[in-house]
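Notes for the one structure printed next.
These figures come from a predicted structure and were not determined experimentally.
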Amino acid sequence: MVEKEEVLISEEEAAQYDRQIRLWGLEAQKRLRQSKVLLVGLGGLGAEVAKNLILAGVKGLTLMDHKQVSGEDSHAQFLIPTGSLGRNRAEASLERAQNLNPMVEVTVNKDNIEEKEEDFFKDFDAVCLTSCSRDLLVKVNKICHEKSKKFFMGDVFGYHGYMFADLGQHEFVEEKTKVTKTSPESEDGPEAKKPKLDATESTMIKKKIEFCQLKDALEIDWSSEKAKAALKKTPADYFLLQVIMKFRTDKGRDPEPSTYSEDYEALLQIRNDLLDSLGVNPDMLTDDFASFCFSEMAPVCAVVGGVLGQELVKVDISYI
């Protein structure tokens, strides 16, 4: 945490956050009340993330966006009031965001994150990026990883979406049902040798996992035997994510309905070139993926990815 002093929950806060304190406990809520979060990108997804963080009760949230409100934002971004076309997206979102929870300090930064130096991130406990290029995502993740800052990123492209988290070294406690062994004298036969679960007793087990950086997650060597084995369990959408990231890097924008034919062909070509360079059969990602990557499609599904070292742990997405 940036600030280490003890935080006391007031009676007003206890009443405000009563339901979530019952869910994850008072200590977790105290940690939230100490947290300062940077949120980059106030599009449709950014607005939803901002709402959830503010209602959860973090100490402070900085809304960062250098872009202006567009016509698309007026349909997808509920924090921006009507008549805001041309205003800065973060600034236009401030009033409604602050009204969600006056106990959270919501501030605005209208700068371009690409121009920020490493020291800019030192005052935050967690950084969340949306609608950013691959190079910027990799750069900021590296900075956060080295400074032990929690890093999150996500985006939505039509019917496709993803989320990635790098929490560095993460320790947690897992509840396990106790396994009991039957006494040889109390039962005979093969069933007596099998361990049995006692649902009435449980034990808490401390665990630690090491999150990898985004660069490692995206640059897996699929020619290794270990990766080939994991490939069979890897949904095609892991590669779809990389195709869309490459499209954004090449075009400087996302696929748009107004240039559907051109963008559709570009997505297929990027798919062929990218998967070939990775040593993966392009058929891993069927042609119909491109039809669901356009921004005016409703964002209704998500991908969660994580990598431990060089091993793919979980990538999960569903088509609608």
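By the side-chain contact (heavy atoms from CB on, under 4.5 Å) test, Leu94 is found to be paired with Val106, Val108, residues two or more places apart in sequence or in another chain being considered. By the salt bridge (charged side-chain N to carboxylate O under 4.0 Å, His left out) test, Arg271 pairs with Asp287, sequence neighbours left out. In this view, Ala50 and Leu39, Leu61, Leu63, Leu79 satisfy the side-chain contact (heavy atoms from CB on, under 4.5 Å) rule, not counting sequence neighbours. Every residue two or more places apart in sequence or in another chain that forms a side-chain hydrogen bond (donor to acceptor under 3.5 Å, both in side chains) with Asp263 is listed here: Arg253, Thr259. Take Asp18 and apply the salt bridge (charged side-chain N to carboxylate O under 4.0 Å, His left out) test, not counting sequence neighbours, and it matches Arg22. In this structure Asp273 satisfies the side-chain hydrogen bond (donor to acceptor under 3.5 Å, both in side chains) test together with Gln269, sequence neighbours excluded. Considering only residues two or more places apart in sequence or on other chains, Lys176 meets the salt bridge (charged side-chain N to carboxylate O under 4.0 Å, His left out) condition with Glu174. Not counting sequence neighbours, Ser74 has no partner by the side-chain contact (heavy atoms from CB on, under 4.5 Å) test.
Note on residues 78-87: no pairs pass side chain to side chain donor-acceptor pair (under 3.5 Å), not counting sequence neighbours. Applying the side chain to side chain donor-acceptor pair (under 3.5 Å) definition to pairs two or more places apart or across chains, those involving residues 93-107 are Tyr17-Asn101, Thr62-Thr107, Gln77-Ser93. For residues 22-64, no pair satisfies ring-ring contact (aromatic ring centres under 6.0 Å, His included), with sequence neighbours left out.
No side-chain donor-acceptor contact under 3.5 Å links Gln20 to the backbone of Gln29. Under the 3.5 Å distance criterion, the side-chain polar atoms of Arg33 are matched with a main-chain donor or acceptor of Val58.
Remark: Lys142 NZ is loosely packed, at most 12 non-hydrogen atoms of other residues, nucleotides or ligands lying under 6.0 Å away.
Grouping Ile, Leu, Val, Met, Phe, Trp and Tyr by side-chain contacts under 4.5 Å, direct or through others, puts Val173 with Met204.
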